[in-house]
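The block underneath contains the structure these notes are about, expressed in structure tokens.
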Amino acid sequence: MTDNNIGRKKRTDVRLTLLAALYFAGVFLGVILYGTLSGEQLDALNGLTGSFVIGRLNHTFWETLVNSFSGAFLLLTACFWLGFSAAAQPIELLVPAFRGLGAGVSLSGMYGSFGLAGVGMSAVLIIPGAVLSAFALIIAARESLELSGKIFLSVFGRTVSGEAIDFRLYITKFVILLIILMVSSLADSLATFIFAGFWTGLL
């Protein structure tokens with residue numbers, strides 16, 4: 001492996017580590033924010049969580065699939081287009097943090113609404129899709145950051161040897177990430193469909 005390839009791999013690893021850390025920081029912040037809500041705010045959020053769970057358990061398989069896919073798809077699309085901007089890096093860094101924040105609030109809301117049963121419901125209704133979608137969005141943010149960085153350097157007439165802009169490769173990677181999101185949504189919907197009867201009986 002050449003020095004350029006080694007340097008590129010190190011930068012890629014640093015980006016990936018940073019984005020993963022931002023995701024988990026978002027999860028932690030979501031849990032903290034949930035704990036700071038007032039009694040009325042908690043009641044309102046827990047009510048929304050309960051309505052979400054009951055509604056989801058009564059949705060058809062295809063409705064659950066579309067709902068599961070749509071949110072992550074919007075973030076993936078945002079990452080894709082942000083990659084073409086030379087100055088979008090701060091926003092790209094926020095994508096995994098925002099996704100983690102939502103996951104943290106959702107997990108806390110499940111526990112706050114249903115107690116220990118909420119932990120089990122989270123393992124079925126949230127975590128299966130969240131893990132794969134988080135992976136896809138973290139990779140998407142990394143690719144977006146990399147392309148933005150290359151465009152930023154090119155604006156000032158600078159390039160890094162061995163790191164030419166390859167739009168075809170960029171698009172191919174996002175197509176693969178889109179497929180991963182589809183698989184994530186499918187796993188999410190299957191888990192809900194299979195265990196819906198069990199959880200409905202407990203509510």
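Given the structure is predicted, the values throughout are model-derived calculations rather than measurements.
- Residues G109 and Y34 share a closest heavy-atom pair of CA-CE1, 3.7 Å.
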For this session: Show your working on side chain to side chain contact (heavy atoms under 4.5 Å, CB included) between L101 and L33 and close with a plain yes or no.
Result: CA-CA 9 Å; L101 180 66; L33 286 176; 3.6 Å; yes
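- Placement of F167 and W81 within a single hydrophobic cluster is found when ILVMFWY residues are connected by side-chain heavy-atom separations under 4.5 Å, directly or transitively.
- For A86, the side chain to side chain contact (heavy atoms under 4.5 Å, CB included) criterion is met by I151, F152, V155, not counting sequence neighbours.
- In this structure, E143 CD and I138 CD1 are separated by 13.0 Å, a value rounded to the nearest 0.5 Å.
- Shown here for S184 and L132, the closest heavy-atom pair between the two residues is CB-CB, 3.5 Å.
- Side-chain heavy atoms closer than 4.5 Å link hydrophobic residues (I, L, V, M, F, W, Y) into clusters, and following such links, possibly through other members, connects I171 to L145.
- Follow the hydrophobic side-chain contacts under 4.5 Å out from L16 and you reach I176 in the same cluster.
- Grouping Ile, Leu, Val, Met, Phe, Trp and Tyr by side-chain contacts under 4.5 Å, direct or through others, puts L82 with I91.
- Distance OG/S133 to CG/L177: 11.5 Å, rounded to 0.5 Å.
- Within 6.0 Å of atom CZ in F84, more than 12 heavy atoms from other residues, nucleotides or ligands are found, so the atom counts as buried in its surroundings.
- With contacts defined as side-chain heavy-atom distances shorter than 4.5 Å, the pair L65/D188 does not qualify.
- Under the rule for a side chain to side chain contact (heavy atoms under 4.5 Å, CB included), the partners of A141 that lie at least two apart in sequence or sit in another chain are L19, C79, P96.
- Looking only at distances, no side-chain donor or acceptor of S148 sits under 3.5 Å from a matching main-chain atom of Q89.
- Residues F73 and V175 share a hydrophobic cluster, clusters being chains of Ile/Leu/Val/Met/Phe/Trp/Tyr side chains in contact below 4.5 Å.
- Considering only residues two or more places apart in sequence or on other chains, L75 meets the side chain to side chain contact (heavy atoms under 4.5 Å, CB included) condition with V95, F98, R99, L137.
- The ring-ring contact (aromatic ring centres under 6.0 Å, His included) check on F174 picks up F80, Y170, with sequence neighbours excluded.
- Contact annotation: the side chain of L76 approaches that of L181 to within less than 4.5 Å [non-hydrogen atoms, C-beta and beyond].
- The nearest pair of heavy atoms linking I165 to S154 is CD1-OG, 4.4 Å.
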Problem set entry | Intermediate values then yes/no, side chain to side chain contact (heavy atoms under 4.5 Å, CB included), I139 and I180 | CA-CA 11 Å; I139 298 298; I180 292 174; over 6 Å; no
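- Using a 4.5 Å heavy-atom threshold, the side chains of L186 and F69 count as separate.
- Considering only heavy atoms from C-beta on, F135 stays 4.5 Å or farther from V131 through its side chain.
- Using a 4.0 Å cut-off between a side-chain N of Lys or Arg and a carboxylate O of Asp or Glu, K150 and E146 qualify as a salt bridge.
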For this session: Let me see the working for E92 and S144 under side-chain hydrogen bond (donor to acceptor under 3.5 Å, both in side chains), right down to the final yes or no.
Result: CA-CA 7 Å; E92 291 157 357; S144 185; 2.8 Å; yes
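- Taking L18 as the reference, L22, L93 meet the side chain to side chain contact (heavy atoms under 4.5 Å, CB included) condition, with sequence neighbours excluded.
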